[in-house]
2 protein chains.
Amino acid sequence: MGISERKERAKAEREQRIIGAARMLAEKDGWASVTVRRLAQEIEYSQPVLYAHFQNRDAIVGAVALEGFGELGPVLRASVRRGASSAEAMEDVAMAYLEFAFERPALYEAMFVLPSGLRFAKSDTPQSLRDTFGAMMAVVEPFCENAEVATEAFWATLHGLAELERHGRIREAFRKDRVTHFIDMLSRRS
Amino acid sequence: MGISERKERAKAEREQRIIGAARMLAEKDGWASVTVRRLAQEIEYSQPVLYAHFQNRDAIVGAVALEGFGELGPVLRASVRRGASSAEAMEDVAMAYLEFAFERPALYEAMFVLPSGLRFAKSDTPQSLRDTFGAMMAVVEPFCENAEVATEAFWATLHGLAELERHGRIREAFRKDRVTHFIDMLSRRS
DNA sequence: TAAATAAATCTAGCGTTGCTATATTGTCAA
DNA sequence: TTGACAATATAGCAACGCTAGATTTATTTA
């Protein structure tokens, strides 16, 4: 019965094309321009087909977000320079996080701002997001007792820096200064 | 010529009713449910009347946001306890900021997340927002050299804490711990 | 006071959206 | 070849932001 396998493969492939098209359009013209009609046109199927893959539009955003979670963790881990000190490692991760956010703003938006239908209530948090959290915790840990709380705060600062800058609330030119300042605060001995 | 004054007064009053209705509906059912039709119904006029007051829907969000900016600054200033130390003052402002964000989530969203049509390119930043920034800078200043950069980072942390918690990315139960941790980092002598 | 003018407001409608009921086509088994 | 079922398309609903044009109300002029 290789037939149903072939069909499943074809369906998975089409699903990937939908996700890819959504991500591409979002990055090109913003999420507002990612409509179900436009996606249908992009993959050369009629609209209702999309609803055989995703429950609604939000679920498509969610699928893109999930893809992003799968990329962010590795990016952060890879960002730490060889032989970096603890403080340098923290700075590397911080800068890598912000670069990720600014280079793929639509992807970042899907992951952390838009309603994506993704649930994060403890147990069903995607493994890839746990992994991202772990990457941050690894560099924060050396500097504090309660690593989880400290990582949440660390992450919050990065997210705030990304969002406020994206909305033009803080000055783009001082991005590096803010990171340096913030890492200094965390890494100095008390 | 009291006629035109009377008309202006009536128009301003109606404008305020639109803003009030938008804010109320947003807080009750979320911004997605704040439609121009619904607002028109609320103020008992037809839709096109709203466009005599605001260029488009975003401008209505912007007007609500502006109202929020007018409230946040004073709230922050009033939050500092009498005789508080520098570190305590910073903590008071941080907690007040988060309480503001969580008690009026829709207002906060209008101010910092939604497209509001408000421009922040340096010179035309609303005075009330500058004022809010000033309130934060006042408590951050004692702890750093470059107060502006430090305040941007301080603000970013608060914004990140508010947003990540609102989206269920970090644990509600540890809000106080995160603030304590973060204030500790900033206030300890190096 | 009545007609003319200007301002305020409404009706009706366009194009678009997310989503779905229903018709149609294509595929496989008997 | 035909009957059944899955895959896909057509067509449409209700709601959205927004606007042109008609209509009513208010003000000024004769």
Does a side chain donor of either His159(B) or Tyr108(B) reach within less than 3.5 Å of an acceptor in the other side chain?
-> yes
Any ion pair linking Arg130(B) and Glu148(B) (charged N to carboxylate O, less than 4.0 Å)?
-> no
Is the Lys NZ or Arg CZ of Arg171(B) less than 6.0 Å from the centre of Phe174(B)'s six-membered ring, within 45° of the axis?
-> yes
Taking CD1 from Ile43(B) and C1' from dC10(C), how many angstroms apart are they, rounded to a whole number?
-> 13 Å
Indicate yes or no for a side-chain donor-acceptor contact from His181(A) to the backbone of Asp177(A) under 3.5 Å, with no hydrogens or angles considered.
-> no
Under 4.0 Å between a side-chain N or O of Arg14(A) and OP1 or OP2 of dT8(D)?
-> yes
Sugar-phosphate or base contact per nucleotide [nucleotides 16-21 of chain D; S, B, -; heavy atom under 4.0 Å] | BBBBB-
Leu114(A) CG to dG18(C) P: how many Å, rounded?
-> 13 Å
Can you tell me the distance, in whole Å, between the CD atom of Gln41(B) and the P atom of dC10(C)?
-> 13 Å
Phe54(A) atom CZ is separated from dG18(C) atom C1', nearest whole Å, by 15 Å
Specify the separation, in whole Å, of atom NZ of Lys11(B) and atom P of dT9(C).
-> 9 Å
Atom pair distance, as rounded to whole Å: CG in Leu50(A) and P in dT10(D) = 14 Å
Ion pair Arg23(A)/Glu67(A), N-O distance below 4.0 Å | yes
Going by an N to O cut-off under 4.0 Å, is there a salt bridge joining Arg169(B) and Glu163(B)?
-> no
Whole-Å distance between dG18(C) C1' and Ile18(A) CD1?
-> 15 Å
May I have the distance from Glu15(B) (atom CD) to dA8(C) (atom P), rounded to whole angstrom?
-> 14 Å
